[in-house]
Amino acid sequence: AADCGACAEVCGNGTCAGSETCSNCPADCGACAETCGNGSCAGGETCSTCATDCGACATCGDGTCNGNETCSTCAADCGACPTYVSTNVNTESGTTTVSNGVFTVAGEGSDIYGTTDEFRFVYQTFNGNGSMIAKVDSVQNTNTWAKAAVMIRAGLGGTAKYALLMQAPDSKIQFQWRTSDGQSIGSGQQANVSAFSPASFKYLKLTKSGTSFTAYYSSNGTSWTQVGSAQTIDMGTGTLYAGLAVCSHVNNTLCSAQFSSVSFPAPPCTCADDGNPCTVDACDANNVCQHTAGNAGAICRAAADSCDVAE
């Protein structure tokens with residue numbers, strides 16, 4: 001070495017020297033520290049120290065429901081958590097539990113049929129248009145016509161008008177409806193899909209648009225098959241009840257059913273005054289508050305416009 005000079009550094013000899021760096025010889029020099037902006041969120045980088053690589057941190061109140069935010073942790077961004085009401089319609093007992101989005105509902109009753117109904121109902125109120133959707137995961141076989149269903153109902157009395165889409169323990173599907181209070185439900189108020197072979201439970205969807213009710217089922221929750229034809233049921237313009245219905249088809253015996261991927265229609269719309277006297281503040285047919293131009297008169301332009309004379 002005295003005559004020839006020191007040997008070139010060899011990567012892997014355990015010494016980081018000469019021209020070796022973390023880039024060309026991490027074996028000797030160790031891994032390079034993470035660099036913010038390299039497109040990889042790694043090492044000690046976080047959304048706080050490197051939003052470029054790790055993304056912006058979720059901030060409650062920023063108007064976006066993201067990250068770990070939920071309706072429970074940040075209602076300001078994600079909206080209020082929906083509330084559910086459970087009741088027994090013309091029966092004595094029933095239970096409802098909800099865990100990780102799965103509804104376990106146990107209900108009794110002779111049937112949802114004829115002139116009056118008996119069942120367990122888990123519902124939210126709404127008005128206007130919307131869809132009630134749920135995946136049936138299981139139905140206890142208390143009877144071949146035990147029912148796990150999605151339902152939209154005009155009232156909570158046993159004789160109220162309704163539309164219902166159900167699946168039985170053997171996986172057959174039935175769409176049924178009552179168009180007037182106290183009407184006796186029979187074969188003329190139903191459309192059927194035979195049991196699947198092998199038996200398989202489906203996503204169920206019941207959609208209300210005006211006075212028209214349409215029923216669908218799906219194997220994946222995206223591609224839907226219509227059951228029967230749309231039915232006309234005039235439930236008025238007031239509050240309606242949409243939810244999950246379970247009936248054992250056996251008096252004094254509970255039938256347990258499980259539902260997942262549950263989606264209720266939007267709750268009743270409330271529309272606050274936007275402070276502009278030249279707009280009409282009202283909910284539209286889709287339960288969305290709208291502030292449309294109107295109220296033409298002394299302080300508002302005669303034409304349909306949301307500006308007043310001073311503007």
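Once rounded to the nearest 0.5 Å, the distance linking OH of Y217 with CG of L206 reads 16.0 Å. Between atom CZ of residue F175 and atom OH of residue Y216 there is a gap of 9.5 Å, rounded to the nearest 0.5 Å. Summarising the geometry, atom CD belonging to E118 is positioned 9.5 Å from atom CD belonging to E92; distances are rounded to the nearest 0.5 Å. With rounding to the nearest 0.5 angstrom, the CG atom of L244 is 10.5 Å from the OG1 atom of T104. Atom OG1 of T214 is separated from atom CD of Q226 by 5.5 Å, given to the nearest 0.5 angstrom. The CG atom of L165 sits 6.0 Å away from the CD1 atom of I173 when rounded to the nearest 0.5 Å.
Without hydrogens or angle criteria, D28 side chain to G14 main chain gives a donor-acceptor distance under 3.5 Å. Using modelled atom types, no side-chain atom of T15 and backbone atom of A17 make a donor-acceptor pair closer than 3.5 Å. T21 contributes a side-chain N or O that, together with a main-chain N or O of N24, makes up a donor-acceptor pair within less than 3.5 Å. Distance alone, capped at 3.5 Å, places no donor-acceptor pair between the Q174 side chain and the Q176 backbone. A side-chain donor-acceptor contact under 3.5 Å links Q183 to the backbone of T179. At distances below 3.5 Å, at least one donor-acceptor pair connects side-chain atoms of S171 with backbone N or O atoms of F196. Under the 3.5 Å distance criterion, the side-chain polar atoms of N129 are matched with a main-chain donor or acceptor of G210. A distance-only check finds a donor-acceptor pair linking the side chain of N220 to the backbone of S223 [under 3.5 Å].
Side chains of E108 and T91: a donor-acceptor N/O pair is absent below 3.5 angstrom, by distance only. In summary, the side chains of R120 and T96 do present a donor paired with an acceptor at a separation below 3.5 Å, with no hydrogens or angles considered. Donor-acceptor pairing under 3.5 Å is lacking for the side chains of K205 and S218. One side chain, D137 or S260, offers a donor N or O that lies under 3.5 Å from an acceptor on the other. Of the N and O atoms on the side chains of N90 and T116, at least one donor lies less than 3.5 Å from an acceptor on the other residue.
Residues I185 and W177 come closest through the heavy atom pair CD1-O, 2.9 Å. Nearest heavy atoms, G238 versus N127: O-CB, 3.7 Å. Minimum heavy-atom separation, G12 to A27: CA-CB, 4.4 Å. A pairwise comparison of heavy atoms in V246 and A257 identifies CG2-CB, 3.9 Å as the closest pair. Residues V139 and A148 come closest through the heavy atom pair CG2-CB, 3.5 Å. Residues S86 and V122 share a closest heavy-atom pair of OG-CG2, 3.6 Å.
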Decide yes or no on side chain to side chain contact (heavy atoms under 4.5 Å, CB included) for D170 and T144, but give the supporting numbers first. CA-CA 7 Å; D170 65 356; T144 187; 4.2 Å; yes
Residue pair C255, C247: steps toward the disulfide (SG to SG under 2.5 Å) verdict: CA-CA 7 Å; C255 169; C247 174; over 6 Å; no
Would T142 and T253 count as a side chain to side chain contact (heavy atoms under 4.5 Å, CB included) here? Give the steps. CA-CA 8 Å; T142 54; T253 298; 4.2 Å; yes
Stepwise side chain to side chain contact (heavy atoms under 4.5 Å, CB included) test for T95 and V105: CA-CA 6 Å; T95 61; V105 183; over 6 Å; no
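Here the side chains of R178 and R153 are in contact, with some heavy-atom distance below 4.5 Å. You'll find the side chain of M166 reaches within 4.5 Å of the side chain of W145, heavy atoms only. Within the 4.5 Å cutoff, no side-chain heavy atoms of M151 are placed close to those of Y123. The closest side-chain heavy-atom distance from K208 to F126 is below 4.5 Å. Looking only at side-chain heavy atoms (C-beta outward), Q140 and Q258 stay at 4.5 Å or farther from each other. With a 4.5 Å cut-off on side-chain heavy atoms, Q167 and K172 do not count as touching. With contacts defined as side-chain heavy-atom distances shorter than 4.5 Å, the pair T125/L240 does not qualify. With contacts defined as side-chain heavy-atom distances shorter than 4.5 Å, the pair M132/L204 does not qualify.
Under a hydrophobic-cluster definition in which Ile, Leu, Val, Met, Phe, Trp and Tyr are linked whenever side-chain heavy atoms come within less than 4.5 Å, directly or via other members, V136 and V150 are assigned to the same cluster. Taking hydrophobic clusters as Ile, Leu, Val, Met, Phe, Trp and Tyr residues chained together by side-chain heavy-atom distances below 4.5 Å, I133 does not share a cluster with F201. Hydrophobic clustering of Ile, Leu, Val, Met, Phe, Trp and Tyr side chains at less than 4.5 Å, counting indirect connections, keeps F259 apart from V102. Following chains of ILVMFWY side-chain contacts shorter than 4.5 Å, one can reach I112 starting from Y241, so the two form part of one hydrophobic cluster. With hydrophobic clusters built from ILVMFWY side chains whose heavy atoms lie under 4.5 angstrom apart, M235 shares a cluster with F264.
Under the 30°/60° scheme for interplanar angles, the aromatic rings of F121 and F119 are found to stand perpendicular.
Between D234 and K161 there is no salt bridge, since no side-chain N of the basic residue sits under 4.0 Å from a carboxylate O of the acidic one.
Between Y162 and F213, the distance from one ring center to the other does not fall under 6.0 angstrom. Taking the six-membered ring for Trp and the full ring otherwise, the centers of F103 and Y84 sit less than 6.0 Å from each other.
For the cysteines C25 and C11, the sulfur (SG) atoms lie within a distance shorter than 2.5 angstrom of each other. C29 has its SG atom within less than 2.5 Å of the SG atom of C16.
Among residues two or more places apart in sequence or in another chain, the side chain to side chain contact (heavy atoms under 4.5 Å, CB included) test is passed with S261 by K135, Y203.
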